[in-house]
Amino acid sequence: MKKHLHIKTIMLVLVIIFSFPIHALGQINWDKFENNPVIESAPWSRAASFPVVIFEDDVFKMWFCGKDTMSNKCGIAYAESMDGINWIIDDKPVIYPGNPGEWDLHRYPGSIIRVNDTLKMWFIGSEDNGLTFAIGYAYYSEDSAKWILNPVPVLEKGGPGSWDDAFVNGPSVIYDGQTYHMWYFGWEGGSFSNPALVGYASSQDG
C-alpha cells in the first residue's frame, strides 16, 4: 500500500514538473491573427477598445468600449462568438454613457466575473474622457434583462500626496468564495512623468 502511494506521489511530481514549461510557453508565445482586427466598432459607435472577455457555456462573451458616433461619449457594447474571431454585436449599448456632470459620463468595461448565477462588472468611469477615472460596480439583472449600476464609485483615487491621487483604473477582480480581491493601477500627481503603479484592494461584498 505504501509502495503504491510512493509511486503515485512520484508520478504526480513528474507530471507537475514536465507540465510547467508547457504552460509557461503557452502564456508567452502568441501569434497574431492574420485577419485582425476582429471587431472595428459597434453599429452605434466609431471605435472599439478596452475588451473584456469571458468564456462560458461554450461561448466567448465580450464587453468593449464604443464611442458614440453622435456624442463621442463612451458606452459599453456586447458581442458573442463561438470561435473568438467571428463576433455578433448587439445593436445597442448594454450600458449607455452617463449624463453630463456625472462621475461616469464615459464608461469602460474593467473586470467581469460570474458569482453563482450573477454576472458582476467593475467598470471604469470618467467625467472628462480620460483626465480622471474612478471604478464603479454593476450587476446583470436577469429579471429586468439589463445591467444595474451602483450610483457612486466603489473605489476612488487616493488622498492628496498619495501614490494614486490622480486616478484609479484597470480593475482586475477575482472572488475566492469569501472575499473579492482587486488589483488596479493608480497614477500620482497629474503628470505623465510619474509612473503608474499597481495597487490591491479587498471587499466582502464587491
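Residue indices begin at 1 and follow the sequence shown.
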Pair Asp104, Glu127 - check side chain to side chain contact (heavy atoms under 4.5 Å, CB included), show working. CA-CA 5 Å; Asp104 56 349; Glu127 62 182 336; over 6 Å; no

Does the plane of the ring in Tyr200 sit parallel, tilted or perpendicular to the ring in Trp183? Use 30° and 60° as the thresholds. tilted

Of all the heavy-atom pairs spanning Cys74 and Tyr108, show the shortest one and how long it is. SG-CE2, 3.6 Å

Any chain of hydrophobic side-chain contacts (each under 4.5 Å) joining Ile89 to Tyr78? no

List the steps, then state whether side chain to side chain contact (heavy atoms under 4.5 Å, CB included) holds for Arg107 with Glu102. CA-CA 11 Å; Arg107 293 166 175 164; Glu102 293 181 331; 4.0 Å; yes

Among Trp187, Phe167, Phe185, the one residue meeting ring pair (Phe, Tyr, Trp, His ring centres under 6.0 Å) with Phe133: Phe167

Pro93 versus Ile76: any side-chain heavy-atom pair under 4.5 Å? no

Would you mind listing the cluster partners of Ile88? Hydrophobic ones only (ILVMFWY), side-chain contacts under 4.5 Å, chaining allowed. none

Would you say the side-chain atoms of Gln204 and Thr179 include a donor-acceptor pair closer than 3.5 Å? yes

Name the atoms and distances for all side-chain donor-acceptor pairs under 3.5 Å in residues 46-65, with sequence neighbours left out.
{"unit_1": "Arg46", "atom_1": "NE", "unit_2": "Asn72", "atom_2": "OD1", "d": "3.1"}
{"unit_1": "Arg46", "atom_1": "NH2", "unit_2": "Asn72", "atom_2": "OD1", "d": "2.5"}
{"unit_1": "Glu56", "atom_1": "OE1", "unit_2": "Arg114", "atom_2": "NE", "d": "2.8"}
{"unit_1": "Glu56", "atom_1": "OE2", "unit_2": "Lys61", "atom_2": "NZ", "d": "2.8"}
{"unit_1": "Glu56", "atom_1": "OE2", "unit_2": "Arg114", "atom_2": "NE", "d": "3.3"}
{"unit_1": "Glu56", "atom_1": "OE2", "unit_2": "Arg114", "atom_2": "NH2", "d": "2.6"}

Compare every heavy atom of Gly189 with every heavy atom of Asp165, then report the nearest pair and how far apart it is. OD1-N, 2.7 Å

Compare every heavy atom of Pro97 with every heavy atom of Lys73, then report the nearest pair and how far apart it is. CB-CB, 3.7 Å

Judged by atom type as modelled, is there a donor-acceptor pair below 3.5 Å linking the side chain of Asp68 to the main-chain atoms of Ser71? yes

Same cluster or not: Trp44 versus Ile95, using hydrophobic residues (I, L, V, M, F, W, Y) connected whenever any side-chain heavy atoms lie under 4.5 Å apart? no

Pair Phe123 and Trp103, ring centroids less than 6.0 Å apart: yes

Minimal non-hydrogen separation, Ile85 against Ser81, with atom names: N-OG, 3.4 Å

Excluding Leu197, membership of its hydrophobic cluster (Ile, Leu, Val, Met, Phe, Trp, Tyr; side-chain heavy atoms within less than 4.5 Å) reads Ile113, Val115, Trp122, Ile135, Tyr137, Tyr139, Ile148, Val154, Leu155, Trp163, Val168, Val173, Tyr175, Tyr180, Met182, Tyr184

Donor-acceptor under 3.5 Å (Asp90 side chain, Lys92 main chain): no

Counting C-beta onward and ignoring hydrogens, is there a side-chain heavy-atom pair between Pro151 and Leu149 closer than 4.5 Å? no

When every non-hydrogen atom of Thr118 is compared with those of Tyr140, the smallest separation belongs to CG2-O, 4.3 Å

With a cut-off of 6.0 Å (strictly less than), are more than 12 heavy atoms of other residues, nucleotides or ligands near CG of Asp117? no

What is the minimum heavy-atom distance between Pro109 and Ile124, and which atoms define it? O-CD1, 3.9 Å

We want to know whether Asp143 and Ser141 form a side-chain donor-acceptor pair, criterion being a heavy-atom distance below 3.5 angstrom. no

Assigning hydrophobic clusters by single linkage (Ile, Leu, Val, Met, Phe, Trp, Tyr; side-chain heavy-atom cutoff under 4.5 Å), is Tyr96 placed with Val94? no

